[in-house]
Amino acid sequence: MQLGVCYYPEHWPESMWSDDARRMAELGITHVRIAEFAWSRMEPRAGVYDWAWLDRAIDTLASAGLKIVLGTPTASPPKWLVDAMPDILPVRADGTTMHYGSRRHYDMSSEAYRRECVRITEAMVRRYGAHPAVIAWQTDNELACHDTVPSYSKAASMRFRAWLARRYETIGQLNERWGNVFWSMEYASFDAIELPHLTPTDLNPTHLLDFRRFMSDEVASFHREQVDVLRQYAPHADMLHNFMGLFTTFDHYRFASNGSIDIAAWDSYPIARTEVIALDEDDKARYARTGHPDVSAFDHDRYRGIGKGRFWVMEQEAGPVNWAPWNPVPAPGMVRLWAYEAFAHGAELVSYFRWRQAPFAQEQMHSGLNLPDNTLSPGGREVMRVAREIAQSDTLCQLAKGTRAPVALVFDYETQWIFEIQRHAKGFDYQTLAFEYYRTLREMALDVDIVSAGCDLSGYALVVVPGLAVLPPDFVAKIAQSDAQWVIGPRTGSKTSDFSIPAQLPPGTLQSVLPAKVVEVDSLRPTLKPAATLDGVIGIALHWREHLEASDQVEVLAHFDDHWPAVIAKDNVRYAAAWFDAPLHRALLEGAARAAGLAVTHLPQGMRVRRRGDVTFAFNFGPHTADAPAPADARFVLGERTLATADACAWIAS
Ligand code: GAL
């Protein structure tokens, strides 16, 4: 369990650096990330490098014993570069070009810009790749943030055509698989295909899906070009990128494949994230100062999977931030709680954004570990407490590496894109549905691994698939061979990979283990609330339900009040024919968890637990003091059983 910080030496007079480095080390910080926005200082004019300041900054930090994560500066191309190459600016869906003046003002498909990125990356890694203190490299910063992907530029258009030509080989194939006979959309050549925007009405959904796939590949290859250079000159350093919370613009599994990262790092801003996601107003109000109890956990569990067990929090909020509609001060204790929460989920490092609040420029209202007057902020003092608690505890110093959770939740990026392209019901957002399943599992004190549909799912007691639009060819075989309990959500198997309805109707190939088919889908306006009762629990469908025709081999576990099946099952597979409200989701998942032999504990509101090795952590995000669900003879290694709001504890069962 190590602590880090994001630091911008270029923002401060050099006379402050050594004192900063000393105070970081004294605070218990071991890692420091620098340089990811400093291009204008590394190369003030085209081809004129100035490394002297960065040499001194790195040496100052290294002399204090700090390990350094170097960021490539490609998220903020300097003005001289943009002036020389105005075509690198990204283009919005409405056709307007974004301007210089903030950051991320570049188009990932610009080959000229890609060359510039490889050039500055190579110059940097040639200089610092062998430095013993530089132990990791971060590419760019939060790729695809600020709606700069997709970009509707000429460069994107050219590369999209080439991507399509590789995928389909002939234009006839493309016309056939997109269904272009519809509305006279047939193309004579790949060169005739435009980017999907600015049309009077609905675009062809396969065109849109392929564009999402293409853009996702662009993000991955943009990163990959830098990593290839970095590995050449820094073969022993870890490679990473700082991903974002609840972010689905690109397929992170594909991004992370073929050794393109060693660690999945991500940026955790729980209070602001709670404010901006689709949660009920009641939840937003309840957790305004703590963040929703599952909002960071969800991404800890997802990025642990993406990093194949290795994940860091590269940026952790240490107090109020600046970018949500409201930015409340966290409840006292939350900065400490978030650190233990990340460690409980398996993080190797929790690194804070940022060392000191900058009194100037865009983020002057964003807190850090220090106030602009250079005294520790309230969050900084909590981090000091965490560092001391860890240092004083042998158990916390030597936590086991992550252990496999008993429950897998399959999350799939393409499913997100498919349901965004064709929501069919206004409130239907797949990631929100996955989050609802996840939170329900966590309210029952279950640990969850979030995984891809393609990963090895053997060994889990319960596999939850909140929806998987396109069933991969081997997926149903995995279910057929599995002893686990499976819960499959609505819209699974509802599309082919070419974005059509499967010939045998949804749920497609799932019918071989669950003989039932969807004959109609019912998109529910908020006033339509079909009710169902499952295991004595009454609830309703929201947004979406399916009219299922099930064979006699299938058991109907619950009917809607108009007699359509709500939950069906065969052997170890349950299928939910709707997006349910919280009580029904709870009944559905609790029934499956108990059938899987898992112990279910109903936690007090806002309480969450997570196990790491033989240590169980508990966190109270709720508004009231509550007891952690520790056994009577538990030996506490952190805090105690009774937890006030924003408090955390950990124990080992005796
Ligand atoms: C992140 C970003 C940082 C900083 C931070 C503020 O998204 O990576 O550079 O802007 O947000 O919360």
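In each ligand, atom 1 is the first atom listed, and ligand 1 is the first ligand listed.
- Near D267, meaning under 4.0 Å from one of its heavy atoms, ligand 1 places the atoms 8 (O).
- Per-residue contacts place H366 under 4.0 angstrom from the following atoms of ligand 1 (heavy atoms of the residue considered): 6 (C), 12 (O).
- Side-chain atoms of E420 and Y430 form no donor-acceptor pair, as typed in the model, at a separation below 3.5 Å.
- Taking 4.5 Å as the limit, some side-chain heavy atom of M124 sits within range of a side-chain heavy atom of W51.
- Considering only non-hydrogen atoms, atom 3 (C) of ligand 1 lies nearest to E315 out of M314, M244, R104, E315.
- Looking at F411 and R302, their side chains come closer than 4.5 Å, going by heavy atoms from C-beta outward.
- Paired with D228 under the rule side-chain hydrogen bond (donor to acceptor under 3.5 Å, both in side chains), one option of Q232, R224, Q226, R231 passes, and it is R224.
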Worksheet entry | Worked verdict on R273 versus D299 for salt bridge (charged side-chain N to carboxylate O under 4.0 Å, His left out) | CA-CA 11 Å; R273 191 64 60 204; D299 277 305; over 6 Å; no
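- Of all protein heavy atoms, the one lying nearest to atom 7 (O) of ligand 1 is E142 OE1, 2.4 Å.
- Applying the 4.0 Å criterion to heavy atoms of N141 picks out, from ligand 1, the atoms 2 (C), 8 (O), 9 (O).
- For the atom pair NE2 of H31 and CD1 of I68, the computed distance is 10.5 Å after rounding to the nearest 0.5 Å.
- In this structure, V227 and T139 have side chains that are in contact, with non-hydrogen atoms separated by less than 4.5 Å.
- Y269 OH, 3.3 Å is the protein heavy atom nearest to atom 5 (C) of ligand 1.
- Any N or O atom pair closer than 3.5 Å counts here, and E363 shares at least one such pair with ligand 1.
- Near F37, the atoms of ligand 1 lying under 4.0 angstrom from a non-hydrogen atom of the residue are 9 (O).
- Residue, atom and distance of the protein heavy atom nearest to atom 9 (O) of ligand 1 are R103 NH1, 2.9 Å.
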